[in-house]
Amino acid sequence: MRQRKNGSSIKHPNLSDAEAKSQKKSPYSLKDVFLTCLGFRMLNALLIQTYFNPDEHWQALEVAHRIAFGYGHLTWEWEEGIRSYLHPMMFALFYKLLALLRLDIPCVMIKAPRLLQSIFSAVGDLYLYKLSFVLFGDGVAKWALFSQLANWFMFFCFNRTFSNSLETTLTLVGLYYWPSVRSSLNKAPSGSRKWGLALAALACAIRPTSAVTWVYVGLLELYLTHDRLRFIFVELIPIGSVVLGITCLLDRLMYDSWVLVPLNFLKFNFLSSGGDYYGTHKWHWYFTQGFTVMVFTFLPFCVAGIIKSKYWKLSGLILWVLGLYSILGHKEFRFVLPVLPISLIFVGYSLAALDERDSRNGAKKRSSCICNKWPSRKQLAIFFLLASNIPMALYMSLIHQRGTEDAMNYLSKEAAKGKVKSIVFLMPCHATPYYSTLHNNLPMRFLDCIPNKGMPTESDRFMMDPVSFAVDFAKNWSHPSHIVLFDSEERHLKDFLISHSFREVRRFFHAHFKVDRDLQASVVVYAD
């Protein structure tokens, strides 16, 4: 915001008088905001006890565990060179630190990675507040932060160890430093664009599809800036080259050969539609189901905020990202996680407008001695948002699909006591965490699902005929000490398990309703 000589600020053209006044100085210190967010996110991390998507474990923690301890499974994506080691390396160094401190014990190994992620999430929360503040003032910033912390999907997903979670944090921090995102009346500090470029490049190195976001921001900057040649040749190309070079050197070290991950990623996901193997959705899915479910009951406030603020740069970014991701056949909620906080900024704008309106009405009633026992519109809105989001957040984080995590946590503790010798997972591939949770170098076997040009995988064949597959599978196995399976397959394999001298030792609740297969109500552990 451009400052007058007397220290007052020029009002943003889309702000009310009250909001413009609040932009002078935030009543909250950034340190207090960060510590509040950090405490909340750490509690959030401890409350996440469910399984959402295999990539949280198999593309991050499992790889990191292999780097740090010498054992862990690498999925086929790592054999094909379509993943960068940059993101897992962060957790690998953390695992090394835990081992050095002799804290690599089951309870710590299970909770520590999400606690580490909670620090990055808190940074993302802080920069959401800072971005909202420089765009719209404290009146909007505090409600945007409230929306970020109250939204059920942010609570459920932001602290998970996905590359998307770190990408979201880098997006929020990066947007804060890009001049093109700000109002013309609210100039970014000198040199901030370089920081924005570095963060954008890092986000793309961690997750190449982040380029969807940064192409929009870059084109916007190219259109608005007066020093285009400097932007391209002195900042964009050198900074991008340095980050790409460092990433390539790291991948060269880990792959033991030169691998250009962004190119391989582009070929697989965009040129060959390889991601479609994992399922496809209609083109409109993000608009009609995916993103609307993520925003949830905040949606009407988000739409109202977009219309009232008329800040088309940010609302255009949301539409751009959703539109381009809609072209791809394979769609997932977490792919568009980076623009969810941006939509919550507009929710903050809408709630701030309600707050201002209620303040004006309250002043009028006090001046006319009118007493109103009914709650204000702002209070009703807050109650509605909390009442709808808190139960959803807690149910999805504590209850829905928790059985696979509980089973692996149990086996980890049993293995530490020497009671587990080997494990076979007779269930769809990647349905549980693996060595990163077990943290014991025992023989384990899961049913593979490497894409094979239309040929059914082990996992497919097992789901089509569990009994015939299990009988054939047992002919070549080394008799395991434990078998893990869902109750939906257990009922078909009861006789098989008894005939091989297995007995049920533990049963863990998993889900109340089915997701993409038959109801998997519980996870059962058998031992010989």
Considering only NZ, NE, NH1 and NH2 on the basic side and carboxylate oxygens on the acidic side, decide whether R114 and E405 come within less than 4.0 Å.
yes

Suppose we screen for salt bridge (charged side-chain N to carboxylate O under 4.0 Å, His left out). Which residues come up paired with [X], at least two apart in sequence or across chains?
X	value
R160	E56
K494	E490
R445	E458

May I ask you to check whether Y435 and Y71 place their ring centers less than 6.0 Å from one another?
yes

I want to know whether H510 and Y51 have ring centres closer than 6.0 Å.
no

Kindly assign one of parallel, tilted or perpendicular to the pair Y177 and Y127, based on the angle between their ring planes and the thresholds 30° and 60°.
tilted

Parallel, tilted or perpendicular, as decided by the 30° and 60° cut-offs, for the rings of Y434 and F425:
tilted

side-chain hydrogen bond (donor to acceptor under 3.5 Å, both in side chains) with [X]: which residues, sequence neighbours excluded?
X	result
S315	none
D460	T457
D406	R402

Identify each donor-acceptor pair in which a side-chain atom of residues 317-324 lies under 3.5 Å from a protein atom, sequence neighbours left out, and give them as a table.
from: W320; atom 1: NE1; to: V212; atom 2: O; distance (Å): 2.6

In a table with atom names and distances, give each donor-acceptor pair under 3.5 Å that connects a side chain of residues 385-392 to protein atoms at least two apart or in another chain.
from: S388; atom 1: OG; to: T297; atom 2: OG1; distance (Å): 2.7
from: S388; atom 1: OG; to: F384; atom 2: O; distance (Å): 2.8
from: S388; atom 1: OG; to: L385; atom 2: O; distance (Å): 3.1
from: N389; atom 1: OD1; to: W152; atom 2: N; distance (Å): 3.0
from: N389; atom 1: ND2; to: T297; atom 2: OG1; distance (Å): 2.8
from: N389; atom 1: ND2; to: L385; atom 2: O; distance (Å): 2.9

Taking side-chain contact (heavy atoms from CB on, under 4.5 Å) as the test, write out the residues that go with C37, two or more places apart.
V33, A122, D125, L145

Among pairs that include at least one residue of residues 86-113, which meet side-chain hydrogen bond (donor to acceptor under 3.5 Å, both in side chains), considering only residues two or more places apart or in two chains?
D104-H439

May I have all residue pairs that pass side-chain hydrogen bond (donor to acceptor under 3.5 Å, both in side chains) and include part of residues 322-343, sequence neighbours excluded?
N53-E332, D55-R334, N164-R334, T209-Y325, H330-E332, E332-R334

Distance-only check: which donor-acceptor pairs under 3.5 Å involve side-chain atoms of residues 411-418, not counting sequence neighbours?
from: S412; atom 1: OG; to: T437; atom 2: O; distance (Å): 3.0
from: S412; atom 1: OG; to: L438; atom 2: O; distance (Å): 3.4

Could you check whether Y395 and H512, counting side-chain N and O atoms only, form a donor-acceptor pair closer than 3.5 Å?
yes

I'd like to know if the side chain of R207 pairs up with that of S163 as donor and acceptor (distance under 3.5 Å, no hydrogens or angles considered).
yes

F509, CZ: over 12 other non-hydrogen atoms inside 6.0 angstrom:
yes

Looking at L170, L175, L199, which hits side-chain contact (heavy atoms from CB on, under 4.5 Å) with W214?
L175

